[in-house]
*Asks:* 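Take this structure, written in structure tokens, and hold onto it; I'll ask about it next.
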Amino acid sequence: MSFSENIARLQPSATIAVSTLAKTLKAEGKDVIDLSAGQPDFDTPGWISEAGIQGIQLGGTRYTPVAGMPELRKAIASMLSGRAGRDMSADGVVVSSGAKHSLFNAVFTLAGPGDEVIVAGPYWTSYPQMVVLARAEPVFVQGSPERDLKLTPEDLESVRTENSRILMLSTPSNPTGAVYSLDELAAIAAWAKEHDIWLLCDEIYREIYFGDDGPSAPSLLDLPVEDLGPFILVDGVSKCFAMTGWRIGFAWAEPAVAKKMSALQSHMTSNPASPSQYAALAAYRDLQHSAESIAEMNVAFRRRRDLVVDRFKTLLPQFPFVTPEGAFYLFFNVEAAFGDGIENASDFCTKVLEEEGVAMVPGVAFGDDRYIRMSYATSD
């Protein structure tokens, strides 16, 4: 049996594979503690769910414009304008079926054969697969452990070539929970602008932040517009509103680029689910109510973060980790356990799952099989 060259190098999602295995073991009656999930364990706030239900009851179950309902795009643009302190046109907003879809639209629109996409490691498992599907080449680079694996312009310059087209970056990071400071973002943005490289910034975890300098992590939009070169910002409702299954993400780009991404989407999925858009509209229209809901969840995430960090320092000092400033993951190094049949983090995860019934994701899914990602988006 032969398949298209389009998927010849495609690999399945390792994070989904681990979660599926954990669910299978549970279905077989085994006691499994699943610390692999990349989603909040909270219910969607009731007032947001009610808006989705009301949308259905009012007949909002038909096609919308491909890029999303005009009122939703305007609400998102208004929110972004408030964040940036300047006008962010609604014509630059493309609402998609989750932030993953938004990222794919951006990569597929900007990159193709002969192009290189610099992927900041450790990376979310789908980033390089998106690049491969676009027939471009992923180029990986990772920062020093002393900097929580975050990149500097010097790191980026070491892999830049004349074919470098995009830099894919997430902050707060999945899988590490590391957060780029505003100064660090400014340095990377300046490097990208100097070399005319698109900065594709994934800020889906921006609102899940434990820093003391504000309620949200630093964003590209906090930088002066004159310091930014070409960029696309991706965000959505999945993480901060516990709406992973509603499948609503968005990208913001200059309107000419947004128009191209919308055209691509028109031939893939058309509009995202209409009832989900009504729910997202409620979240982005009532920013005060949204902030209260996010703050309530962040109290729990911060408590769990502190609990996990304390337990590791006390009970597992041989496993160094990135101290998470955002998101809800702990990324820890297990090289101290190598030997006696354990050659990498994948072996370690298999052993822990089989012997202790705890499911985690090996770092090979994120480009470094010395590490493991553990999610604390679960009960205390």
*Asks:* Do the side chains of Phe321 and Met360 join up, straight or via other hydrophobic residues, at under 4.5 Å, putting them in one cluster?
*Replies:* yes
*Asks:* In Å and rounded to the nearest 0.5 Å, what is the CZ to CG distance from Phe231 to Leu223?
*Replies:* 9.0 Å
*Asks:* Could you tell me whether a side-chain N or O of Arg247 sits under 3.5 Å from a main-chain N or O of Thr244, the two making a donor and an acceptor?
*Replies:* yes
*Asks:* Do side-chain atoms of Asp306 reach the backbone of Arg303 as a donor and acceptor pair under 3.5 angstrom?
*Replies:* no
*Asks:* Let's go through Leu199 and Lys193 carefully: what are the C-alpha distance in whole Å and the side-chain angles of both, what is the deciding distance for side chain to side chain contact (heavy atoms under 4.5 Å, CB included) to 0.1 Å, and is it a yes or a no?
*Replies:* CA-CA 8 Å; Leu199 184 50; Lys193 181 179 181 180; over 6 Å; no
*Asks:* What's the verdict on salt bridge (charged side-chain N to carboxylate O under 4.0 Å, His left out) for Asp148 and Lys150, showing C-alpha distance, side-chain angles and the deciding distance?
*Replies:* CA-CA 5 Å; Asp148 288 334; Lys150 293 185 289 184; 5.3 Å; no
*Asks:* Would the distance check show the side chain of Ser81 and the main-chain N or O of Ala77 forming a donor-acceptor pair, the cut-off being under 3.5 Å?
*Replies:* yes
*Asks:* Same cluster or not: are Leu133 and Phe140 linked, directly or through other Ile, Leu, Val, Met, Phe, Trp or Tyr residues, by side-chain heavy atoms under 4.5 angstrom apart?
*Replies:* yes
*Asks:* Answer whether the closest heavy-atom distance between the side chains of Gln129 and Thr125 falls below 4.5 Å.
*Replies:* no
*Asks:* Between the side chains of Asp155 and Thr152, does any donor sit under 3.5 Å from an acceptor?
*Replies:* yes
*Asks:* Measuring from Leu182:CG to Asp222:CG, what's the distance to the nearest 0.5 Å?
*Replies:* 5.5 Å
*Asks:* Could you check whether any side-chain N or O of Arg73 sits under 3.5 Å from a backbone N or O of Ala90, counting only pairs where one atom can act as donor and the other as acceptor?
*Replies:* yes
*Asks:* I'd like to check Leu307 versus Arg311 (side-chain heavy atoms, cut-off strictly below 4.5 Å). Are they in contact?
*Replies:* yes
*Asks:* For the CG atom on Asp213, are there more than 12 heavy atoms of other groups (residues, nucleotides or ligands in this structure) within a distance under 6.0 Å?
*Replies:* yes
*Asks:* Does Glu325 use its side chain to pair, donor to acceptor, with the backbone of Ala217 at less than 3.5 Å?
*Replies:* no
*Asks:* Can you find a heavy atom in the side chain of Ile248 that is under 4.5 Å from one in the side chain of Phe241?
*Replies:* no
*Asks:* Keeping the roles fixed (side chain from Gln265, backbone from Val95), state whether a donor-acceptor pair exists under 3.5 Å.
*Replies:* yes
*Asks:* Compare all side-chain heavy atoms of Met268 with those of His101 and state whether any distance is below 4.5 angstrom.
*Replies:* yes
*Asks:* Determine, step by step, whether Asn163 and Glu137 satisfy the side chain to side chain contact (heavy atoms under 4.5 Å, CB included) criterion, reporting the C-alpha distance in whole Å, the side-chain angles of both residues, the deciding distance to 0.1 Å, and the verdict.
*Replies:* CA-CA 10 Å; Asn163 297 320; Glu137 287 297 322; over 6 Å; no
*Asks:* Which pair of non-hydrogen atoms, one from Leu167 and one from Ile197, has the smallest distance, and what is that distance?
*Replies:* N-CG2, 3.7 Å
*Asks:* Tell me, yes or no, whether the heavy-atom count around Glu28 atom CD, taken from other residues, nucleotides or ligands under 6.0 Å, exceeds 12.
*Replies:* yes
*Asks:* With a 6.0 Å cut-off on the ring centroids, do Phe301 and Phe42 count as close?
*Replies:* yes
*Asks:* Any sub-3.5 Å donor-acceptor pair from Arg302's side-chain atoms to Phe210's backbone N or O?
*Replies:* yes
*Asks:* Rounded to the nearest 0.5 Å, what separation is found between the CZ atom of Arg165 and the CG atom of Asp196?
*Replies:* 8.0 Å
*Asks:* Hydrophobic cluster membership, with links at side-chain heavy-atom distances under 4.5 Å among I/L/V/M/F/W/Y: are Trp252 and Ile76 in one?
*Replies:* yes
*Asks:* Of all heavy-atom pairs between Ser379 and Arg304, which one has the smallest distance, and what is that distance?
*Replies:* CA-NH2, 4.0 Å
*Asks:* Do the side chains of Glu71 and Lys74 get close enough for a salt bridge, i.e. N-O under 4.0 angstrom?
*Replies:* no
*Asks:* Check Leu315 against Pro317 and note the closest heavy-atom contact, atom names and distance.
*Replies:* C-CD, 3.3 Å
*Asks:* Both conditions, 6.0 Å and 45 degrees, for the charged tip of Arg373 above the ring of Tyr329: are they met here?
*Replies:* yes
*Asks:* Hey, is CD on Glu162 packed in by over 12 heavy atoms from elsewhere, all under 6.0 Å?
*Replies:* no
*Asks:* Roughly how far, to the nearest 0.5 Å, is the CG atom of Asp115 from the CG atom of Leu110?
*Replies:* 9.0 Å
*Asks:* Is it true that atom CG of Asp310 has more than 12 heavy atoms of other residues, nucleotides or ligands lying nearer than 6.0 Å?
*Replies:* yes
*Asks:* Roughly how far apart are Lys239 NZ and Ile294 CD1, rounded to 0.5 Å?
*Replies:* 14.0 Å
*Asks:* Going by ring pair (Phe, Tyr, Trp, His ring centres under 6.0 Å), Phe331 matches just one of Tyr376, Tyr371, Phe312, Tyr123. Which one?
*Replies:* Tyr371
*Asks:* Please check: side-chain N/O of Ser164 versus main-chain N/O of Thr161, any donor-acceptor pairing under 3.5 Å?
*Replies:* yes
*Asks:* Out of curiosity, does Met79 fall in the hydrophobic cluster containing Tyr209 (side-chain heavy atoms, cut-off under 4.5 Å, transitive links)?
*Replies:* no
*Asks:* Side-chain donor-acceptor pairs under 3.5 Å in residues 272-280, sequence neighbours left out?
*Replies:*
unit_1	atom_1	unit_2	atom_2	d
Ser274	OG	Arg62	O	2.4
Ser276	OG	Trp246	O	2.8
Gln277	OE1	Met69	N	2.7
Gln277	NE2	Thr64	OG1	3.0
Gln277	NE2	Pro272	O	3.0

*Asks:* Taking side chain to side chain donor-acceptor pair (under 3.5 Å) as the test, write out the residues that go with Lys351, two or more places apart.
*Replies:* Glu355
*Asks:* Using every non-hydrogen atom in the two residues, find where Ala242 and Thr44 come nearest and quote the distance to one decimal.
*Replies:* O-OG1, 2.7 Å
*Asks:* Would you indicate whether the side-chain heavy atoms of Leu220 and Thr171 approach each other to under 4.5 Å?
*Replies:* no
*Asks:* When you look at Leu316 and Gln318, which way does the side chain to side chain contact (heavy atoms under 4.5 Å, CB included) test go after all the steps?
*Replies:* CA-CA 5 Å; Leu316 296 170; Gln318 71 273 33; 3.9 Å; yes
*Asks:* Do Phe104 and Ser96 have side chains that get closer than 4.5 Å, going by heavy atoms?
*Replies:* no
*Asks:* Grab the two heavy atoms, one from Leu330 and one from Val322, that are nearest each other, plus how far apart they are.
*Replies:* CD1-O, 3.9 Å
*Asks:* A quick test of your reading: do over 12 heavy atoms of other residues, nucleotides or ligands sit less than 6.0 Å from CD of Glu292?
*Replies:* yes
*Asks:* Within a strict 4.5 Å, meaning less than it, do heavy atoms of the Phe366 and Asn174 side chains meet?
*Replies:* yes
*Asks:* Roughly how far apart are Leu221 CG and Arg83 CZ, rounded to 0.5 Å?
*Replies:* 5.5 Å
*Asks:* What do you reckon, is CD of Glu356 surrounded by more than 12 foreign heavy atoms closer than 6.0 Å?
*Replies:* no
*Asks:* Do other residues, nucleotides or ligands put more than 12 heavy atoms under 6.0 Å from Glu343 CD?
*Replies:* no
*Asks:* Can a donor-acceptor pair be found, under 3.5 Å and without considering hydrogens, that links the side chain of Asp202 to the backbone of Ile204?
*Replies:* yes
*Asks:* Is Phe108 reachable from Trp124 through a run of hydrophobic residues whose side-chain heavy atoms are each under 4.5 Å from the next?
*Replies:* yes
*Asks:* For the residue pair Ser102 and Ala251, what are the closest heavy atoms and their distance?
*Replies:* OG-N, 3.8 Å
*Asks:* For residues Thr350 and Asp347, determine if any side-chain heavy atom of one lies less than 4.5 Å from a side-chain heavy atom of the other.
*Replies:* no
*Asks:* I'd like to know if the side chain of Ser173 reaches the main chain of Ala178, judged simply by a donor and an acceptor atom lying under 3.5 Å from each other, with no hydrogens or angles considered.
*Replies:* no
*Asks:* Between Glu194 and Arg160, is the closest basic N to carboxylate O distance under 4.0 Å?
*Replies:* no
*Asks:* Relative to the ring of Tyr205, is the ring of Phe328 parallel (under 30°), tilted (30 to 60°) or perpendicular (over 60°)?
*Replies:* perpendicular
